[in-house]
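Predicted, not measured: the structure shown is a model, and the values here were computed from it.
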Amino acid sequence: MITHQLKLATEPFDAIVSGEKTIESRLYDEKRQKIQLGDEIVFTNRDKPGQTATVKVVGLLRYATFHDLFSHNNPRRFGGDSVEWLEEQIGEFYSLDDQLEDGVVGIEFKMV
């Protein structure tokens, strides 16, 4: 088992701590390809670095694009109300070209 470190803004961090968010979406880049089932992730609140939450990886959902990932899973599990809202949020970080180059992953987790 490996422990990975990921930073989040306050809103998604709080959604994880409250149990509302159970899937983190990221590009399936070199860093995320190292994440395996059973690994732990320590999420750190980017705005308040003293706040952390540790989770265990229980699933890895691979898709070509975030649209596909969000459309095939309940948007609430990502901390959003709709596929469109989630796509708007993630679009601030990742372009469609980035998605098509690396693919995307939904990291399913449960609190430790």
query = Looking at side-chain heavy atoms only, is the closest gap between Val104 and Ser25 below 4.5 Å?
reply = no
key: Separation between CD of Gln5 and NZ of Lys31, rounded to the nearest 0.5 Å   = 8.5 Å
ask   = Under 4.0 Å between a Lys/Arg side-chain N and an Asp/Glu carboxylate O for Glu108 and Arg77?
value = yes
ask   = Looking only at heavy atoms, which two atoms of Arg26 and Glu24 are closest? And how far apart?
value = NE-OE2, 2.7 Å
inquiry  = For residues 77-96, which residue pairs pass the ring pair (Phe, Tyr, Trp, His ring centres under 6.0 Å) check, not counting sequence neighbours?
reply    = Phe66-Tyr94, Phe70-Phe78
request  = Output, in order, the C-alpha distance, side-chain angles, deciding distance and verdict of side chain to side chain contact (heavy atoms under 4.5 Å, CB included) for His4 and Asp39.
outcome  = CA-CA 8 Å; His4 306 272; Asp39 285 355; 2.8 Å; yes
query = How many angstroms lie between atom CZ of Arg76 and atom CG of Leu86, to the nearest 0.5 angstrom?
reply = 10.5 Å
remark   = d(Glu11 CD, Asp47 CG) to nearest 0.5 Å is 11.0 Å
ask   = Which heavy atom in Asn45 sits nearest to a heavy atom in Ala9, and how many Å separate them?
value = OD1-C, 4.2 Å
message = Counting C-beta onward and ignoring hydrogens, is there a side-chain heavy-atom pair between Glu40 and Val112 closer than 4.5 Å?
response = yes
query = Without hydrogens or angle criteria, can the side chains of Thr65 and Asp68 be said to hold a donor-acceptor pair below 3.5 Å?
reply = yes
Trace of the side chain to side chain contact (heavy atoms under 4.5 Å, CB included) decision for Asp29 with Gln33 = CA-CA 6 Å; Asp29 57 14; Gln33 290 173 19; 5.7 Å; no
request  = Give, for atom CG of Leu27 and atom OG of Ser95, the distance between the pair rounded to the nearest 0.5 Å.
outcome  = 8.0 Å
message = Let me confirm one number: the CD-NZ distance from Gln36 to Lys34, rounded to the nearest 0.5 Å.
response = 11.5 Å
query = For atom CD of Glu30, is the number of surrounding heavy atoms from other residues, nucleotides or ligands below 6.0 Å larger than 12?
reply = no
ask   = With ILVMFWY side chains joined below 4.5 Å, transitively, what does Leu60's cluster contain besides itself?
value = Leu6, Leu8, Phe13, Ile16, Val17, Tyr28, Ile35, Leu37, Ile41, Phe43, Val55, Val57, Val105, Ile107, Phe109, Met111
